[in-house]
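So the structure is just underneath, and the comments pick up after that.
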There are 2 protein chains.
Amino acid sequence: MQRSKILTALRHGGGHRTADDIFERVRAEDPHAGISRSTVYRTLETLMQMQLVSELPGAGTSTYEWTDRDAPHHHLVCRQCGAATEIEVPALTEIESEIRARTGFEPDIHHLGITGLCASCRS
Amino acid sequence: MQRSKILTALRHGGGHRTADDIFERVRAEDPHAGISRSTVYRTLETLMQMQLVSELPGAGTSTYEWTDRDAPHHHLVCRQCGAATEIEVPALTEIESEIRARTGFEPDIHHLGITGLCASCRS
DNA sequence: TTTCTTGCAAAGAGTTTGCATTCCA
DNA sequence: TGGAATGCAAACTCTTTGCAAGAAA
């Protein structure tokens, strides 16, 4: 089963991996482990349903990352260069509760994407 | 110039329109106004650079909306059904300042996408 | 004329699907 | 054996690009 290989690739990949990244990474770790893109996509979908992985949609390509429940964090995604950096904003956790109470919407709080312009692109 | 038509379509479309939505809408409003998808995409890019329009990346397709600076709001995007609803969370504006101060990253605060599971999909 | 904008058609990129095969329980 | 997982190739969708024609300055 390729599932564990994909999950491993994601955990060791440091988050924000595209499906193609994962494909290449699994293939690199074990050249004999024939793996296909279809499997990557199908497995990612399964893992997302299991809440083990979450998706950060981006223009063009989505990135995926392992959902580490013990270390919730958020993402700053630059609209110009596409770079994604992680950030911790404790206050967002409170907002999560507020949203849930007000709307019944269950936010993936460990996976909030904030779009904007990064420091480099601003200058 | 099709620019104004596209902007009009976006403002009247109530936000969260895909490029294709816009294409159809412009065409519907004026069947003689030959317009092409290329123009829609090219114009949207121009409008985004002008900060008049912002993009909310989604899995598969991005949606665009008119940037109304007087009414900042945020989006709850369901990871299952894809529905996007608007919500106002004043506290997020404070967080915006915090992020800017800490990282130099300039958030598009009127355009923050929160992924999660909507009330309908949870039940 | 010179430059910018547009439409069309073709190309690209990312993702999904159909189907036959293989793997386990 | 029966159901789930996989690879391959083809199909699809969304988006971008090249190029020639038209509009604007």
Side-chain angles (χ1 to χ4, degrees), chain A residues 1-10 13 16-50 52-65 77-84 113 115, chain B residues 1-10 13 16-50 52-65 77-84 113 115:
Chain A
M1 186 181 282
Q2 313 292 42
R3 190 170 299 168
S4 60
K5 288 178 190 163
I6 289 176
L7 199 51
T8 300
L10 261 182
H16 311 134
R17 293 287 147 191
T18 64
D20 207 61
D21 273 348
I22 298 166
F23 172 67
E24 296 295 353
R25 186 170 276 264
V26 171
R27 160 171 282 182
E29 277 179 14
D30 182 0
H32 301 295
I35 182 156
S36 68
R37 275 166 232 274
S38 334
T39 301
V40 172
Y41 282 110
R42 276 190 282 232
T43 304
L44 282 174
E45 197 177 325
T46 305
L47 291 173
M48 287 197 295
Q49 285 174 353
M50 299 169 119
L52 289 175
V53 161
S54 47
E55 178 182 14
L56 180 64
T61 319
S62 292
T63 54
Y64 302 84
E65 73 169 356
V77 184
C78 180
R79 109 170 74 89
Q80 193 142 104
C81 67
T115 308
Chain B
M1 186 180 285
Q2 313 291 42
R3 191 169 300 169
S4 61
K5 288 180 191 163
I6 288 175
L7 199 50
T8 301
L10 260 183
H16 310 136
R17 293 287 148 192
T18 65
D20 207 60
D21 273 348
I22 297 166
F23 172 67
E24 296 294 352
R25 186 170 275 264
V26 170
R27 160 172 282 180
E29 277 179 15
D30 183 359
H32 302 294
I35 181 152
S36 68
R37 276 167 232 271
S38 334
T39 301
V40 173
Y41 282 110
R42 276 189 283 231
T43 303
L44 283 175
E45 197 177 325
T46 305
L47 292 173
M48 288 197 297
Q49 285 175 353
M50 297 169 121
L52 289 174
V53 162
S54 46
E55 177 182 15
L56 180 62
T61 319
S62 292
T63 54
Y64 302 85
E65 73 170 357
V77 184
C78 179
R79 109 170 75 89
Q80 192 142 105
C81 68
T115 308

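Chain letters run A, B, ... following the sequence lines, proteins first and then strands; every chain starts at 1.
- The distance from atom CZ of Arg27(A) to atom P of dT6(D) is 16 Å, rounded to the nearest whole Å.
- Of the N and O atoms on the side chains of Thr43(B) and Thr46(B), not one donor lies less than 3.5 Å from an acceptor on the other residue.
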* Asked: What string of B, S and - do you get for nucleotides 15-25 of chain D, 5' to 3', if B is base contact, S is sugar-phosphate-only contact and - is no contact with any protein heavy atom under 4.0 Å?
  -> BBBB-------
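- dC14(D) atom C1' lies 18 Å from atom CZ of Arg17(B), rounded to whole Å.
- Taking the side chain as every heavy atom from C-beta outward, Met50(B) and Arg3(B) approach each other to under 4.5 Å.
- In terms of the side chain to side chain donor-acceptor pair (under 3.5 Å) criterion, Ser38(B) has no residue partners (sequence neighbours excluded).
- Considering Thr39(A), Asp21(A), Ile35(A), Val40(A) in turn, Ile35(A) is the only one that fulfils the side-chain contact (heavy atoms from CB on, under 4.5 Å) rule with Val26(A).
- In this structure, the CD1 atom of Ile35(A) is 14 Å from the P atom of dA5(D), given to the nearest Å.
- Considering only heavy atoms from C-beta on, Ser54(A) comes within 4.5 Å of Glu65(A) through its side chain.
- In this view, Arg37(B) and Asp20(B) satisfy the salt bridge (charged side-chain N to carboxylate O under 4.0 Å, His left out) rule, not counting sequence neighbours.
- The phosphate of dG7(D) (OP1 or OP2) has a side-chain N or O of Thr39(A) nearer than 4.0 angstrom.
- The separation between Leu44(A) atom CG and dT17(C) atom P is 15 Å, rounded to whole Å.
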